[in-house]
Amino acid sequence: SEDELDNEDEAEAEDGGGAGGVIESDNPEEAQTLRISLGLNDQHPLYESAVHFGELLTEKTDDFNVEVYHSEQIAGDLVATEMLQNGDLEITIPSTSPLMNIMPEYGVFDLPFVIPDHEAADEVLDGPFGDQMLDMLEDQDLVGLAWWENGFRNLTNDIRPVESIDDLDGLTLRTMETDIHLDVWDALGANPTPMSMGEVFTGLQQGTIDGQENPYPTIDLEGFDEVNDYLSGTNHVYTPFVFLFSKPIWDELDEDQQEAIAESAYEAREFNRERTREVEESSLEDIQDRMEFSEITDEEYERFQEAVEPVIEDHSVTIGEDIVNDFMEAVEATQ
Ligand code: TF8
């Protein structure tokens with residue numbers, strides 16, 4: 001029965017995140033429940049930010065309860081997004097990368113070595129380019145409400161310190177489920193293999209993969225530092241999180257409700273960026289105690305950039321030359 005389902009949901013949320021994962025309306029019985037699916041665990045600032053979204057929303061209106069599910073309890077990024085398209089789930093906050101399987105245009109964020117720093121990322125996403133990319137989601141039955149931060153991605157592995165392209169030779173690396181990342185690591189001489197986030201820890205532990213790449217908070221908080229010895233500050237790509245709402249469910253809401261949700265997602269973005277950047281610093285400090293850290297010299301960084309140029313060219317066709325140009329121009333304008 002529905003009651004049983006509700007109880008199960010609550011038990012699951014309590015299991016993982018404690019009462020923090022459920023943010024109730026002042027009128028919980030009458031309120032509609034919005035479920036948020038996250039791929040990362042409840043230690044990550046993404047979780048805290050999703051809870052913060054729930055708090056902002058329940059301050060604005062009594063119409064909603066918010067339940068935050070973490071660690072792929074509901075689904076991985078791609079499947080959760082498909083559930084939104086079908087009206088089976090209200091909210092997910094995925095990396096943009098797996099979305100390229102739904103919209104090739106979203107691969108633009110996977111082009112490596114383009115966004116140089118946080119300031120540029122913010123400007124590009126908060127400007128017309130970011131708006132254009134959010135608007136595009138509507139045709140896919142998704143409502144894009146805000147850009148949140150995952151961060152710059154960095155490489156870990158268990159075989160050797162990676163300081164140059166040559167060190168990548170033959171390393172089996174897990175990538176996100178996107179062809180662009182596959183081709184990038186292939187061009188750099190590694191041996192990439194795509195998998196969903198939920199399989200990465202076990203893969204590293206059992207040695208079916210030698211390494212993976214993710215922002216520092218994820219490396220720290222998902223415990224990858226326990227199974228990998230070497231960390232390289234590659235900062236090779238900035239793939240954002242995008243706050244998505246199901247369009248079929250959105251269309252059933254009235255305008256005030258839509259506005260309250262949109263505003264809360266947007267307002268929580270500031271909290272999310274601030275927290276993520278704090279945790280990025282503390283995580284890097286933390287993992288350096290347990291991992292050997294290698295920096296990439298400017299010279300070597302340029303070699304990386306050159307090696308992936310053909311990949312960028314190839315994929316510009318599927319992403320759309322216009323989008324790629326707009327993206328490059330938006331980044332240049334920040335410099
Ligand atoms: C990855 C991504 C993920 C996030 C998470 C599932 O490596 O960085 O960690 O998209 O929400 O798969």
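Just so it is clear, the values below take in all heavy atoms, side chains as well, and ignore hydrogens, waters and symmetry mates. In this chain, residues are counted from 1 in sequence order. In this text, all values refer to a predicted model and were calculated from it rather than measured experimentally. Atoms within a ligand are numbered from 1 in the order they appear, just like the ligands themselves.
- A side chain to side chain donor-acceptor pair (under 3.5 Å) with H236 is found for exactly one of H181, E213, R153, namely E213.
- What you find for P248 and L84 is that their closest heavy atoms are CD-O, 3.7 Å.
- Proximity of a side-chain donor or acceptor of D77 to a complementary backbone N or O of S95 within less than 3.5 Å is detected.
- The shortest heavy-atom contact between Y301 and N235 is OH-O, 3.4 Å.
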Contacts table for ligand 1: protein N or O within a distance under 3.5 Å of ligand N or O, distances only.
from: ligand 1; atom 1: 7 (O); to: R153; atom 2: NH2; distance (Å): 2.8
from: ligand 1; atom 1: 7 (O); to: R174; atom 2: NH1; distance (Å): 2.7
from: ligand 1; atom 1: 7 (O); to: N214; atom 2: OD1; distance (Å): 3.2
from: ligand 1; atom 1: 7 (O); to: N214; atom 2: ND2; distance (Å): 3.0
from: ligand 1; atom 1: 8 (O); to: N150; atom 2: ND2; distance (Å): 3.1
from: ligand 1; atom 1: 8 (O); to: R153; atom 2: NH1; distance (Å): 2.9
from: ligand 1; atom 1: 8 (O); to: N214; atom 2: OD1; distance (Å): 2.8
from: ligand 1; atom 1: 10 (O); to: D77; atom 2: OD2; distance (Å): 2.5
from: ligand 1; atom 1: 10 (O); to: S95; atom 2: OG; distance (Å): 2.6
from: ligand 1; atom 1: 12 (O); to: R174; atom 2: NH1; distance (Å): 3.4
from: ligand 1; atom 1: 12 (O); to: R174; atom 2: NH2; distance (Å): 2.8

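- Aromatic ring centres of F243 and F53: separated by under 6.0 Å.
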Taking distance alone, no hydrogens or angles, what donor-acceptor pairs closer than 3.5 Å link side-chain atoms of residues 111-121 to residues at least two apart or in another chain?
from: D117; atom 1: OD1; to: E119; atom 2: N; distance (Å): 3.4
from: D117; atom 1: OD1; to: A120; atom 2: N; distance (Å): 2.9
from: H118; atom 1: NE2; to: E280; atom 2: OE1; distance (Å): 3.2

